[in-house]
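Worksheet: the structure to be examined is printed underneath.
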Amino acid sequence: MLQQKTAIAKFVSDALSLPEADVSTMIEYPPNPELGDLALPCFRFAKTLRRSPQDIAKDVAGVLSATGQFASVEAVGGYVNVKLQRELVFKDVVRTLQEDPEKLFSRKRGVGRTAAIDYSSPNIAKPFSVGHLRSTVIGQAIVHMLKADGWKVVGINHLGDWGTQFGKTIVAYLKWGDEEVVRQNPVRELFKLYVKFHEEAQANPELEEEAREWFKKLEDGDPEATRLWQWFISESLKVFRSMYDRLGVTFDHYLGESFYNDKMQAVVDELRDKNLLVESEGAEVVDLSAWNMPPCIIVKSDGATIYATRDLAAANYRHDEFGADTLIYVVGAEQTLHFSQVFKVLELMERPWAKNCKHVAFGMMKYNGERMSTRRGKVVYLEDVLEKAVDEARKIIEEKNPNLADKDAVAEAVGIGAVIFNDLKSYRMHDVDFRFEDVLNFDGETGPYAQYTHARACSVLRKAEESGFQPADDFQVMGVHDSEWRLIYQLGQAQEVLERAVDDLDPSLIARFVLDVCHAFNRFYHDCPILSAEAERAQRLALTNATRKALAYGLHLLGLKAPTAM
RNA sequence: GUCUCAGUAGCUCAGCUGGAUAGAGCAACAGCCUUCUAAGCUGUGGGUCGGGGGUUCGAAUCCCUCCUGAGACGCCA
């Protein structure tokens, strides 16, 4: 629809001698399809032109009407309502999709740009819980979206592989751990020990001191501490990688916090050279009071660095080594202040790219209305959620389509799709209370619904092929049914949707779009015979094929698989 | 206490760069499978858009204020 908007804006801006871009952004989609396909409210022109909106609308309608490029143009109140030539848009949209679905979505605005995205970033020796799901799936979707818009993207898993919690885990393991038991199920057992540590530490605060000592040993390169630490990491990574495989999540780099251990002194030195560090309560900080923020601690009073220092080092590394001009952090909203501080310090360090640092924040995942707590062992394992979702999918397949080939693979795709989509569709700053009943619901606005619609389109195309029909590029459009038009109309908005999703770094817009297309397709499917229609068969097959491609692409952007049957 | 973010139908949310009668899904109820996958489609009921002010031709959308909830607020990340 962007093309049509541009065309209208051009005529209007010529006629009223107003900037084309201003007019273009004012063109909107009427609330009611009866009114038209596109509309231009003229109220805002009234002041500058010193005429009534109704008058202007009438003039504009006359101008657009005279071009002969629109099916109808009407001035209603202060609005100009335009109906498009359905046949032309139909052909245009369908052909673009048949040729290359990516073209419908993108103008490749990001060519030449590089973004480094930090997402997922779980902690070593802790369970991969549903709490990590949001960062993981949102980050992965943003990776796909940016790539679609032409960006070069570097995906980074900033693993929590350093810090005093390793002292705690080591102490707990040495005190209460059984190597055999831990080897059976390392991450869960180590986590149990970690929880036990916190329980015991309530009564015996000296445990904390022991933990600190063990972490100090680790920092000093003690062989025993290092061996255990590395073991924790390799076992955790095994679990994480299996989660990522199932979720279809990939990274270009696994660079944990420890990777920056030797890169932080340079940050401290530079800050000192630039006179940005001041002493405060024994620590060295960057004063940010001019920006209404608390100081950013760089060196703690015990001389050690802290996460802000680490994030500064990591930011420099991502820019310098990966050539990233844009840094994106998909991290919970509770770290908003931290990132504002880090970004401000980067600016003070005169990094011109500091203004391109973005924190993609999201609300907290809760369970039974309560915050999940790793310390108290209150977590929902993602593994368990995926298992339940896949079981549910398998159950529904047995019930509805027992003869389906590849049942296990489809159940996996659908179950996991349900989990991913559920987290993506309503992405906002809202906190989410995790509920199995929501994730396991496959009706309505869900991943399985979108996948089902795609499979349905595939099924029609299979049936067509069996009867000797193929979707062709050169088809005649023999009139466009309202339901066909609704579908085309939705598909035509792909580019605007992707561009806004990229600009806002918001995958939920894509999810919404996919749902809208699905609804329009299912309505079309219900209202319009495809195979049995003589005259319209060609155009409807082409439309079905085009929709199939658009849905597959949209699902791909979100990180969902698109089975061809289910 | 200060700052940030949220508050739209019973529930979950969309709409928020101001525009036409506030939209979906779930749940409830009522229809639609001898015909391309009913994980679908259609319809009904359901709203002081947290309250109150203001700006505007026009406010769910912008500003102020209050209420409620969540989070952050220096040596964890």
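Atoms considered below: every heavy atom in the structure, side chains included; atoms not considered: hydrogens, waters and symmetry mates. The structure displayed is predicted, hence computed values, not measured ones. A note on names: the letters A, B, ... follow the listed sequences, proteins ahead of strands, and every chain is numbered from 1.
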* Look at all strands and tell whether A:Pro53 reaches a base, only sugar-phosphate, or nothing, counting heavy atoms closer than 4.0 Å. => nothing
* **Counterpart base for B:A30, defined by Watson-Crick or G-U wobble contacts under 3.5 Å** => B:U42
* To do: Mark yes or no for a side-chain to base donor-acceptor pair under 3.5 Å between A:Tyr307 and B:A77, with no hydrogen or angle criteria applied.
  => yes
* Quantified in whole Å, what is the P atom distance between nucleotide B:C64 and nucleotide B:U2? -> 16 Å
* Structure fact -> Using Watson-Crick geometry (N1-N3 plus N6-O4 or O6-N4) or G-U wobble (N1-O2, O6-N3), each under 3.5 Å, B:G47 is paired with none
* Asked: Donor-acceptor pair, A:Asn157 side chain versus A:Ser121 backbone, under 3.5 Å?
  -> yes
* To do: Respond yes when some side-chain nitrogen or oxygen of A:Arg371 is under 4.0 Å from OP1 or OP2 of B:A72, and no when none is.
  => yes
* Within the pair A:Arg310 and B:A77, is there a side-chain N or O less than 4.0 Å away from OP1 or OP2? -> no
* To do: Under 4.0 Å between any heavy atoms, over every strand shown, what does A:Met566 touch: base, sugar-phosphate, or nothing? Just pick one.
  => base
* Asked: Between the base of B:A20 and the side chain of A:Asn81, is there a donor-acceptor distance below 3.5 Å?
  -> yes
* OP1 or OP2 of B:A20 under 4.0 Å from side-chain N/O of A:Tyr29 -> no
* Would you mind classifying the nucleic acid contact of A:Cys528 as base, sugar-phosphate or nothing, using non-hydrogen atoms under 4.0 angstrom? => base
* To do: Mind running salt bridge (charged side-chain N to carboxylate O under 4.0 Å, His left out) on A:Lys395 and A:Glu392 for me, showing each step along the way?
  => CA-CA 5 Å; A:Lys395 211 177 86 195; A:Glu392 179 70 13; 3.5 Å; yes
* In whole angstrom, what separates A:Glu279's CD from B:G74's C1'? -> 13 Å
* To do: Whole angstrom is fine here: how far is it from NE2 in A:His430 over to C1' in B:U4?
  => 15 Å
* **RNA chain B: 5'-proximal contact among A:Cys458 and A:Ala308 (nearest heavy atom)** => A:Cys458
* Is A:Tyr119 close to A:Ile328 at the side-chain level, that is, under 4.5 Å between some pair of heavy atoms? -> no
* Would you indicate what A:Asn32 reaches in the nucleic acid, counting non-hydrogen atoms under 4.0 angstrom: base, sugar-phosphate, or nothing? => base
* To do: Would you mind classifying the nucleic acid contact of A:Val299 as base, sugar-phosphate or nothing, using non-hydrogen atoms under 4.0 angstrom?
  => nothing
* Any idea which of B:C36, B:G15, B:C75 is nearest the A:Ala283 side chain? -> B:C75
* On the 0 to 90° scale, with breaks at 30° and 60°, tag the A:Tyr307-A:His338 ring pair as parallel, tilted or perpendicular. => tilted
* Asked: Taking only N and O in the side chain of A:Lys463, is any of them less than 4.0 Å away from OP1 or OP2 of B:U37?
  -> yes
* Length of the line joining A:Glu334:CD and B:A77:C1', which is rounded to integer Å -> 9 Å
* To do: Please work out if A:Lys366 contacts a base, only the sugar-phosphate, or nothing of the nucleic acid, heavy-atom cut-off 4.0 Å.
  => sugar-phosphate
* Asked: Counting only Watson-Crick or G-U wobble pairs whose two distances fall under 3.5 Å, which nucleotide matches B:A9?
  -> none
* Kindly point out which of B:A39, B:C75, B:A6 is positioned nearest to the side chain of A:Ile396? => B:A39
* Asked: Base, sugar-phosphate, or nothing for A:Ile297, non-hydrogen atoms under 4.0 angstrom?
  -> base
* Asked: Do the side chain of A:Lys378 and the main chain of A:Thr374 share a donor and acceptor less than 3.5 angstrom apart?
  -> no
* Asked: Between atom CZ in A:Phe436 and atom P in B:C26, what is the gap in whole Å?
  -> 22 Å
* Structure fact -> The Watson-Crick or G-U wobble partner of B:A14, with both key distances under 3.5 Å, is none
* When all nucleic acid strands are considered with a 4.0 Å heavy-atom cut-off, which category describes A:Ala39: base, sugar-phosphate, or nothing? -> base
* Evaluate the ring planes of A:Phe166 and A:Trp229, with Trp represented by its six-membered ring, and classify them as parallel (under 30°), tilted (30 to 60°) or perpendicular (over 60°). => perpendicular
* To do: Provide the distance between the two P atoms, one in B:G31 and one in B:G15, to the nearest whole Å.
  => 35 Å
* Asked: Counting any heavy atom closer than 4.0 Å, what does A:Ala565 reach on the DNA or RNA strands: base, sugar-phosphate only, or nothing?
  -> base
* **Spacing of A:Phe197 atom CZ relative to B:C76 atom C1', expressed in whole Å** => 14 Å
* Measure the acute angle between the ring planes of A:Tyr367 and A:Phe436, then classify it against the limits of 30° and 60° as parallel, tilted or perpendicular. => perpendicular
* Roughly how many Å is it from CD in A:Gln341 to C1' in B:C3, rounded to a whole number? -> 12 Å
* To do: May I ask you to evaluate whether A:Lys168 reaches the phosphate of B:C76, defined as a side-chain N or O under 4.0 Å from OP1 or OP2?
  => no
* Asked: Should A:Gln165 and A:Tyr194 count as side-chain neighbours, where that means a heavy-atom distance under 4.5 Å?
  -> yes
* **Closest to the A:Glu257 side chain, choosing from B:A77, B:A6, B:U37** => B:A77
* Asked: Quantified in whole Å, what is the P atom distance between nucleotide B:A24 and nucleotide B:A14?
  -> 16 Å
* Counting side-chain heavy atoms from CB outward, which of B:G15, B:C36, B:U21 is closest to A:Val460? -> B:C36
* Asked: So, is the end of the A:Arg456 side chain (NZ or CZ) under 6.0 Å from the ring centre of A:Phe521 and within 45° of the ring's axis?
  -> no
* Got a donor-acceptor pair under 3.5 Å from the side chain of A:Ser280 to the base of B:G74? -> yes
* Taking atom C1' in both B:C62 and B:G18, what distance in whole Å separates the two? -> 7 Å
* Asked: Is the charged tip of A:Lys358 near the ring of A:Tyr329: under 6.0 Å from the six-membered ring centre and within 45° of its axis?
  -> no
* Nearest-nucleotide 5' precedence on RNA chain B, A:Trp162 against A:Met429 -> A:Met429
* Closest nucleotide among B:C13, B:C36, B:C41 to the A:Tyr449 side chain -> B:C41
* **Nucleotide of B:G15, B:A72, B:C57 approaching A:Leu337 most closely (side-chain heavy atoms)** => B:A72
* Under 4.0 angstrom, heavy atoms only, what part of the nucleic acid is A:Glu437 near: base, sugar-phosphate, or nothing? -> nothing
* The side chain of A:Arg512 lies closest to which of these nucleotides: B:A14, B:A70, B:C36? -> B:A14
* Using a cut-off of strictly less than 4.0 Å, decide whether A:His519 has a side-chain nitrogen or oxygen near OP1 or OP2 of B:G23. => no
* Nearest whole angstrom, please: distance from the P of B:G69 to the CG of A:Asp433. => 17 Å
* Asked: Of all the nucleotides listed (B:A72, B:A6, B:A39), which has the minimum atom distance to the side chain of A:Val414?
  -> B:A39
* Answer syn or anti for B:C33, where the cut-off is 90° from 0 on the glycosidic torsion. => syn
* To do: Considering only atom P, compute the distance from B:G40 to B:G46 and round it to an integer number of Å.
  => 25 Å
* Structure fact -> B:G71 -> Watson-Crick or G-U wobble partner, both distances under 3.5 Å, gives B:C3
* Taking the P atom of each, how far is B:A60 from B:U42, in whole Å? -> 28 Å
* Check if the side chain of A:Ser301 and the base of B:C75 share a donor-acceptor pair of N or O atoms closer than 3.5 Å. => yes
* Tell me what A:Ile397 touches on the nucleic acid: a base, only sugar-phosphate, or nothing, going by heavy atoms under 4.0 Å. => base
* Asked: Which one, B:C75, B:A77, B:U37, comes nearest to the side chain of A:Gln335?
  -> B:A77
* Structure fact -> Checking B:A6, B:A38, B:C57 against the side chain of A:Phe43 (C-beta onward), the nearest is B:C57
